Amino acid sequence: MNPAPTSNLPQQLEAILFWKAEPVTFKKLAQLLSIEKTDTTEGVKVTEEQIKTGLIELEKTLQGRGLSLVQTDAEVMLGTAKELSPLIEKLTKEELTRDLGKAGLETLSIILYQGPISRADIDYIRGVNSQFIIRNLLIRGLVERIDNPKDARSFLYKTTLDLLAHLGISKIEELPEYDKVRADIESFKNQQSTDVVDKSNQATDATIGA
Amino acid sequence: MNPAPTSNLPQQLEAILFWKAEPVTFKKLAQLLSIEKTDTTEGVKVTEEQIKTGLIELEKTLQGRGLSLVQTDAEVMLGTAKELSPLIEKLTKEELTRDLGKAGLETLSIILYQGPISRADIDYIRGVNSQFIIRNLLIRGLVERIDNPKDARSFLYKTTLDLLAHLGISKIEELPEYDKVRADIESFKNQQSTDVVDKSNQATDATIGA
Amino acid sequence: MTNNQETITKGQAFQVKSQSFEGPLDLLLDLIEKRKLFINDISLAKVTDDFIAHIQQFENMPMGESAHFILIASTLLLIKSKSLLPELNLTEEEKGDIHHLETRLKIYQRIKEASKGVQALFGGNAIFAQSHARPVSPVFAPDAEFTLEKSLSLLKDLIGRLPKKEKLPQVVVQKVISLEDMIGTLTQRIQGQLRMSFKSFAGEHKENRVNFIVSFLAMLELVKQGIVHVTQESAFSDIQMETKEVGVPRY
């Protein structure tokens, strides 16, 4: 079912590097693009040499575009073109200074009172999807991500110490009406889980782009 | 110092969309690419129309590549090419959600083909209360809620870029029979208002034993 | 011809029991499509009996849902009455209800057809946004608007907006209650018409037609009982409603 990997290797590399958005080793790329032999299909073995050749081709197609490759002798990543760095600086600045907006403030409040909390739970309480908002809160150093002890594939979010200091509190319990707010949200969650309500949406982390 | 924005608009757009890694509105893009006038430099004003033209050009340069654009009439996002879907799915380690359930599929289809649409109108078409299923779709990020310009007390529901991406289409018009379905439904609605109600002649057909 | 159809329907209606329907329109459309009919008042009159037979089995259905079914049943009864007695005069509102139902069914049918294409695409060859693995180098940048007071008031708003258990909207309850009256008067109207047109019935089919109308009246009575059941139940049944949009359903 997969097309022969060498025919469109540059496209495949571009898609992987775009999706990963972090440095990936040549070795890892070779491994990702190789297809294991099964009873019914021939396997395909991609070498690191082929990856390097593919990257040279990809680099050519990226000429004059908004993206470019950044390589060391062992790994590669996709980034924005160097000549556009003033534009990216402007973006960064904009991202750090713009208003959080109602959705951002609301999400941050939930993480403040309920954290550490999973994205699925934030979404569930808000009744909407929060993936892009959380990213902005991370970039701005307002929340941080920790591993979820109950599920290795997902994360939990909590407020940063910087934010607590900024708000002038040393412990979460000092938050106004802390117990009351938590109890109200807890009772909503319990009420919902005893209902016949379809909660399959809890699996939001498994949807798109998560 | 900045190059004239219109000359390399497609590159700049690609870099912004890559860097933002989330849906960006045309309005925001126009704002980010405009340069304010200062004492020493002429300002540059980029319009949303120019953004749209730039995106058409960018789309052309992405032909046959590893990336593609997904857009609505107001925002745009950069994603992987749909031909490479199996490859990226392998990387995500997450099963793509393919099952929506009967109610989910029905409601999503109504929003896709008739959105932006109010909940009252969704209920009207389905003949049942859609509150929970809409909440579920909102949480999954497949639809979003906007204010109803005609009624401040209610909302309208519309398709998200994530949903288009999940369907593997770049624009809503690529849905099967999009224009046809919309035109058909429009004609059903018009028929209702122009039709003469008295159909008693035909009704005799259905008399005894029907 | 009619006899054949009756037999087929009875067989199918039996099978249908095991299926679950998303709502009254889903059921109605299924009944029409099984008979390979187009959506119009004629086909609706033909499936009325089947539809009523279905809702008789809904003893255990949550109140909120069965109310929706009963509302549709009332419109079907009007259509059926008119088809049995073309002389029957319908009010403008009743004519409007009949037309609305046809339009809704046509839209629903078109959407269901289109949804097959949506299902085929969904998650098939998805376009992926960037994963969120991308490392961020956070720069502490608070928003001056975010204060403890603001945070608490936002959460209180949010808690206030959480979906809660609420009574079935008054509009629907009233509709169902008034339906009981509607069926009462409909029975009277049909009986009245029947006495008047009895003389005019053509000799050959006379017995047949009278019998049919009498059994139809019996069916009206059954629906009436169902409505009583539903309205009684409504006093202690709750269903969930979205707070911002209570009371806007259109039927």
Side-chain angles (χ1 to χ4, degrees), chain A residues 15 18-23 92 95-102 104-106 108-110 112-114 125-127 131-132 134-135 137-145 155 160 162-163 166-169 174-178 180-181 184-185 187-189 191-192 195-197 207-210, chain C residues 20 22-23 58 60-66 118 121-168 237-246:
Chain A
F18 168 84
W19 188 80
K20 284 282 209 180
E22 61 180 353
T92 317
E95 199 153 61
L96 293 175
T97 53
R98 68 158 183 218
D99 293 339
L100 285 177
K102 186 157 183 269
L105 294 171
E106 191 179 277
L108 188 53
S109 302
I110 293 173
L112 181 62
Y113 277 78
Q114 297 288 119
I125 295 169
R126 293 189 63 222
Q131 62 168 326
F132 300 123
I134 292 176
R135 201 181 128 72
L137 298 176
L138 284 168
I139 291 171
R140 297 177 66 149
L142 304 174
V143 306
E144 60 190 342
R145 193 160 76 172
F155 300 103
T160 58
D162 280 345
L163 180 64
H166 174 80
L167 293 170
I169 56 171
E174 291 169 20
L175 287 169
E177 301 185 38
Y178 179 74
K180 169 104 177 50
V181 168
D184 284 348
I185 291 178
S187 82
F188 162 70
K189 283 161 79 178
Q191 173 210 315
Q192 297 294 308
D195 278 347
V196 217
V197 179
T207 52
I208 315 135
Chain C
S20 73
E22 275 307 318
F58 288 165
N60 298 322
M61 185 184 262
M63 156 61 194
E65 282 175 46
S66 61
V118 174
L121 288 176
F122 193 75
N125 269 323
I127 292 170
F128 288 85
Q130 261 181 59
S131 74
H132 285 194
R134 180 159 121 194
V136 293
S137 12
V139 176
F140 184 61
D143 183 332
E145 232 198 298
F146 190 76
T147 60
L148 290 178
E149 295 74 36
K150 179 77 182 175
S151 179
L152 182 62
S153 84
L154 280 170
L155 282 172
K156 282 184 170 169
D157 285 353
L158 184 68
I159 290 166
R161 272 186 286 124
L162 292 173
K164 288 174 195 66
K165 296 201 163 207
E166 277 180 28
K167 299 274 183 224
L168 189 66
S237 304
D238 295 335
I239 68 150
Q240 301 262 358
M241 282 299 296
E242 191 173 72
T243 25
K244 195 174 175 188
E245 292 179 20
V246 167

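As the structure is a computational prediction, the values presented were derived from the model and not from experiment. Each chain gets a letter, A, B and so on, in the order the sequences are listed, and its residues count up from 1.
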**Smallest separation among heavy atoms of A:Arg140 and C:Pro142, with atom names** = NH2-O, 3.7 Å
**Message:** Please check this pair: side chain of C:Asp143 against backbone of A:Leu100, looking for a donor-acceptor N/O pair closer than 3.5 Å.
**Reply:** yes
**Complete:** Tightest non-hydrogen contact, residues C:Leu158 and A:Arg126, listed as CD1-CA, 4.2 Å
**Item:** Any A:Glu177 side-chain heavy atom under 4.5 Å of C:Lys156 side chain
**Value:** yes
**Request:** With the side chain counted from C-beta on, respond yes when A:Tyr113 and C:Leu155 share a heavy-atom pair under 4.5 Å apart, and no when they do not.
**Result:** yes
**Asked** Does some side-chain heavy atom of C:Phe146 sit less than 4.5 Å from a side-chain heavy atom of A:Leu167?
**Response** yes
**Asked** Got a salt bridge between A:Glu106 and C:Arg161, using NZ or NE/NH1/NH2 to carboxylate O under 4.0 Å?
**Response** yes
**Request:** Compare all side-chain heavy atoms of A:Leu112 with those of C:Ser151 and state whether any distance is below 4.5 angstrom.
**Result:** yes
**When A:Ile134, A:Leu163, A:Thr160 are compared by non-hydrogen pairs under 4.5 Å with chain C, the top option** = A:Leu163
**Message:** Donor-acceptor pair, distance only, cut-off 3.5 Å: does the side chain of C:Ser131 make one with the backbone of A:Trp19?
**Reply:** yes
**Request:** Side chain from CB out, backbone as N, CA, C, O: work out which of these in A:Ile125 comes under 4.5 Å of a heavy atom of chain C, or both, or neither.
**Result:** both
**Prompt:** Among C:Thr147, C:Val139, C:Asp157, which has the most heavy-atom pairs under 4.5 Å with chain A?
**Reply:** C:Val139
**Request:** State, to 0.1 Å, how close A:His166 and C:Phe140 come at their nearest heavy-atom pair, and which atoms those are.
**Result:** CB-CZ, 3.7 Å
**Request:** Answer with side chain, backbone, both or neither: which region of A:Ile110 has an atom nearer than 4.5 Å to a non-hydrogen atom of chain C?
**Result:** both
**Fill in**
Between A:Leu96 and C:Ala141 the two heavy atoms that sit nearest each other are O-CB, 3.4 Å
